[in-house]
Amino acid sequence: ALNTGSVGNSLGVPRAHALIIDGELGCQTDAPLTMTILSVPYDNEAAAGAARQDVNLPHRESFITEVLTGVYAR
């Protein structure tokens with residue numbers, strides 16, 4: 001399985017998103033390949049609080065807005 005997800009740039013939904021790709025690595029014959037898109041809640045306030053304390057975080061206020069609202073604002 002491979003998780004391609006991250007927090008941020010949520011396209012209007014303040015949740016964490018991931019794509020899980022699952023299949024047979026190195027399989028010599030045709031095998032199933034599944035892809036699952038996840039959208040899961042996380043502690044947005046804790047993430048914003050950690051960002052508020054990191055004075056060296058680039059675009060800190062934009063990141064905080066994005067984490068709390070799901071709206072990309074840079």
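Just so we're clear, the structure is a prediction, and the values are computed from it rather than from any experiment.
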Problem set entry | Note, H17 side chain near I37 side chain (heavy atom, < 4.5 Å) | no
For this session: Might you point out which heavy atoms bring I64 and R52 nearest each other, and give the distance in Å?
Result: CD1-CG, 3.4 Å
Problem set entry | Least distance between heavy atoms, A31 atom then C27 atom | CB-SG, 3.8 Å
Exercise. Taking all non-hydrogen atoms of both residues, which atom of A48 and which atom of V67 are closest, and how far apart?
Worked result: N-CG1, 4.2 Å
For this session: Could you pull out the closest heavy-atom pair between P14 and Y42, with the gap in Å?
Result: O-CE2, 4.1 Å
Problem set entry | Any side-chain heavy-atom pair of T36 and D22 under 4.5 Å | no
Exercise. Between I20 and L25, is there a shared hydrophobic cluster once you connect ILVMFWY residues whose side-chain heavy atoms come closer than 4.5 Å?
Worked result: no
Seminar exercise, completed: Note: V55 and R60 closest approach over all heavy atoms is CA-NH1, 3.5 Å
Exercise. Between E45 and L68, which heavy-atom pair has the shortest distance, and what is it?
Worked result: OE2-CD2, 3.5 Å
Exercise. What do you reckon, is CG of D30 surrounded by more than 12 foreign heavy atoms closer than 6.0 Å?
Worked result: no
Problem set entry | Main-chain N/O of H59 paired to E61 side chain as donor or acceptor, under 3.5 Å | no
